[in-house]
Amino acid sequence: MDEDLTLSSGACLRIMKAPIDDSSTWKLQPNVQFLSIKQVTNPAGQGGPDRYRLIISDGTHFIQAMLATQLNHLVENGTIKKLCVAVLEKYTANIVQNKRLIIVMNVRVLGVTAEKLGNPQSLDNTLPAATTNNNPSGTSTTPAQQQFNATTSSSVSGGQSSVPQQPQRAGDRGAIFPLEGLSPFQNKWTIKVRVTQKSEIKQWANAKGDGKLFSCTLMDETGEIKATAFNQAVDDLYDRLEEGKVYYISRARVNLAKKKFSHLSNEYELGLERNTEIEECRDQVNVPTVKYTFVPLKDLENVPKDTTCDVIAIAKETHDLSEITSKSTGKTIPKRELTLVDRSGFSVRLTLWGEQAKKYSTTGQPVVAIKGVKVGDFGGRSLSMYSSSTMAINPDITEAHALRGWFDSAGSEANFQSHSNAMGSSSGSGGGINRSEMKTLQQVKDLNLGGSDKPDYFSSRIIVTHMRNENLSYPACPVEGCNRKVTESSEGWRCERCDRTHDKPEYRYILTLSGADYTGQLWLQGFNDVGMVLFGMPANELKALEDRDKDAYDSTLKKVLSQIVNVNCRAKQETFNDTTRIRYGINRIQPLDFTVDTELVLDQLAAFVQN
DNA sequence: CCCCCCCC
């Protein structure tokens with residue numbers, strides 16, 4: 001090796017500490033040694049190639065740098081490797097959140113040594129404050145950073161004399177960073193954040209092992225981030241973080257967010273670890289509760305399916321707690337639906353899951369402000385809560401007061417349009433009947449809906465032509481959301497699921513009815529909600545009526561026949577006693593609204609004429 | 001280091 005492999009001691013110091021506009025620094029072409037070359041995966045969803053992070057030594061100090069991506073091939077073809085000595089021919093410094101990030105743009109490799117040269121020490125990567133402030137370009141501080149700095153300093157001079165400003169937190173934990181400024185490239189920072197959501201502690205066990213974890217959502221003025229703690233850190237930290245409170249947090253790990261599993265708008269997420277420092281902050285200036293970007297319910301049609309948004313609305317209807325069985329896991333999951341309405345004249349269904357569904361016990365018609373809710377396309381548009389979604393009930397914000405005022409004065413009497421019948425129709429409440437999927441009963445048969453393994457869904461307009469008259473209802477467990485059939489014993493009505501005996505049952509409808517349209521006829525199954533619509537009274541009342549006044553009961557049953565209803569049905573193959581047939585269940589039912597349906601027909605006619 | 005966000 002004929003090249004001189006002597007390192008340029010002092011180069012790291014000059015690169016990191018010299019004034020940024022001192023161009024002489026960049027003319028320096030030092031000999032350095034690469035102590036480490038590590039691939040850094042590009043943040044998910046940002047596209048672009050991966051990058052390489054270098055540890056550069058001048059024999060006295062070492063610093064971090066990034067290799068310009070156009071030089072990636074030098075790593076990949078082995079030209080640049082660990083312990084090689086090279087001339088930094090061209091490099092530059094970007095200031096990223098008060099840190100100098102060195103980008104290596106051109107190198108000439110001189111050789112490689114068997115061992116690390118010298119005894120290099122880490123060079124503190126923090127810029128002198130004056131250098132940052134004098135940054136001549138002014139472009140390397142993000143707008144959010146500037147805004148954060150501005151608001152922070154205004155709060156200092158804002159006469160908050162009773163709340164002493166938190167001491168300088170620079171120390172070895174670093175300055176207070178806006179959430180937006182966090183990145184894996186620096187680790188000395190403190191954030192000042194509100195915990196807007198904290199999960200339960202979750203245990204897991206899989207092939208790779210077992211453990212426990214919890215996660216929470218942290219928020220400041222600039223953004224939000226998910227933070228997760230595992231195992232020992234769960235014990236240390238779970239009780240120290242409370243929903244709604246504000247904390248200083250430092251020494252957490254910044255990881256790339258796995259977008260597939262996080263619905264927050266942040267490229268990163270935090271790992272809370274054993275040495276993570278958390279300190280409650282009583283000065284809550286400049287830490288908002290939740291930052292909303294509300295979408296009117298009408299505009300949900302423009303929000304792509306499976307993305308999240310924020311809405312504020314009146315919870316016009318609260319449905320009972322029920323449950324579903326997850327197709328993927330087979331687990332039973334509590335569910336509750338709310339019907340939301342707002343001033344845009346639309347109504348949309350919102351589903352709460354699990355604990356959120358169980359805990360929702362608000363009566364009446366509150367204002368709900370929802371952050372990070374998932375948009376679905378069931379019935380045109382629907383909303384579904386993630387566990388990271390938050391709901392504030394009657395929040396003390398301007399939009400909520402305005403909505404309350406509108407609803408109490410006019411909105412409660414208004415008719416609302418749903419996204420399901422928005423096409424072609426101009427008013428009315430479709431409530432889950434998807435007009436674009438309207439089928440005649442003959443079409444249902446011709447298309448063999450329900451004829452495959454998976455269910456098919458369709459909507460039809462039918463007239464009730466017959467109803468099975470016996471066993472219209474069954475005695476059910478009165479526990480909300482249970483609905484299990486109970487059996488009478490000497491002690492009362494026993495529910496096997498709840499393992500309880502009740503004084504009396506809650507009767508629930510279980511109906512078999514014949515529906516017809518101008519093309520054909522089908523037998524349909526319907527449960528309690530169908531009976532409620534057709535009979536206009538709970539099954540308990542109908543049962544009492546049967547005992548009390550047989551004539552009135554008979555006439556009530558008779559009135560069901562010839563009712564015209566719009567229904568949304570689920571067609572699914574079933575095998576019973578070696579016979580396979582298709583069962584049609586009514587998911588949703590709506591009495592015909594002649595005004596709405598006439599308008600719909602007129603619209604269809606107009607479209608037909610135009611074509 | 002989990003990872004499901006469900007159903008009709």
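Since the structure is predicted, the reported quantities are computational estimates derived from the model, not experimental observations. Proteins come first, then strands; the chains are lettered A, B, ... in the order of their sequence lines, and each starts at number 1.
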Is there a side-chain contact between [X] and the phosphate of [N], meaning an N or O under 4.0 Å from OP1 or OP2?
{"X": "A:Thr329", "N": "B:dC6", "answer": "no"}
{"X": "A:Asn206", "N": "B:dC3", "answer": "yes"}
{"X": "A:Lys327", "N": "B:dC4", "answer": "no"}
{"X": "A:Lys202", "N": "B:dC3", "answer": "yes"}

Whole-Å distance between [N] [atom2] and [X] [atom1]?
{"X": "A:Lys305", "N": "B:dC5", "atom1": "NZ", "atom2": "P", "value": "12 Å"}
{"X": "A:Tyr386", "N": "B:dC7", "atom1": "OH", "atom2": "C1'", "value": "15 Å"}
{"X": "A:His263", "N": "B:dC6", "atom1": "NE2", "atom2": "P", "value": "8 Å"}
{"X": "A:Ile324", "N": "B:dC7", "atom1": "CD1", "atom2": "P", "value": "6 Å"}
{"X": "A:Glu269", "N": "B:dC2", "atom1": "CD", "atom2": "P", "value": "12 Å"}
{"X": "A:Glu355", "N": "B:dC5", "atom1": "CD", "atom2": "P", "value": "18 Å"}
{"X": "A:Gln197", "N": "B:dC5", "atom1": "CD", "atom2": "C1'", "value": "12 Å"}
{"X": "A:Lys331", "N": "B:dC3", "atom1": "NZ", "atom2": "C1'", "value": "12 Å"}

Could A:Lys298 and A:Phe416 be counted as a cation-pi pair, given that NZ or CZ must be under 6.0 Å from the ring centre and within 45° of the axis? no
Check for me whether A:Lys439 meets the cation-pi criterion with A:Phe458, that is, NZ or CZ under 6.0 Å from the six-membered ring centre and within 45 degrees of the ring axis. no
At 4.0 Å (heavy atoms only), tell me whether [X] reaches a base, stays on the sugar-phosphate, or touches nothing.
{"X": "A:Lys226", "value": "base"}
{"X": "A:Lys208", "value": "sugar-phosphate"}
{"X": "A:Ser322", "value": "nothing"}
{"X": "A:Lys374", "value": "sugar-phosphate"}

Are A:Phe230 and B:dC1 stacked, counting the six-membered base ring, centres under 5.5 Å, planes under 30°? yes
Can you find a donor-acceptor pair, distance only, under 3.5 Å between A:Lys335 side chain and B:dC7 base? yes
Is there a donor and acceptor pair closer than 3.5 Å between the side chain of A:Ser328 and the base of B:dC4? no
Between A:Phe535 and A:Tyr509, does the ring centre distance come in under 6.0 Å? yes
For the aromatic rings, using the six-membered ring if either is Trp, is the centroid distance between A:Trp204 and A:Phe230 under 6.0 Å? yes
Proximity to the side chain of [X] - top-ranked nucleotide from [options]:
{"X": "A:Ile333", "options": "B:dC2, B:dC7, B:dC6", "answer": "B:dC6"}
{"X": "A:Ser384", "options": "B:dC7, B:dC3, B:dC6", "answer": "B:dC6"}
{"X": "A:Thr228", "options": "B:dC7, B:dC3, B:dC2", "answer": "B:dC2"}

Could you check whether the rings of A:His263 and A:Tyr386 sit parallel, tilted or perpendicular, using 30° and 60° as the cut-offs? parallel
Please indicate whether A:Arg468 has more than 12 foreign heavy atoms, meaning atoms of other residues, nucleotides or ligands, lying under 6.0 Å from its CZ. yes
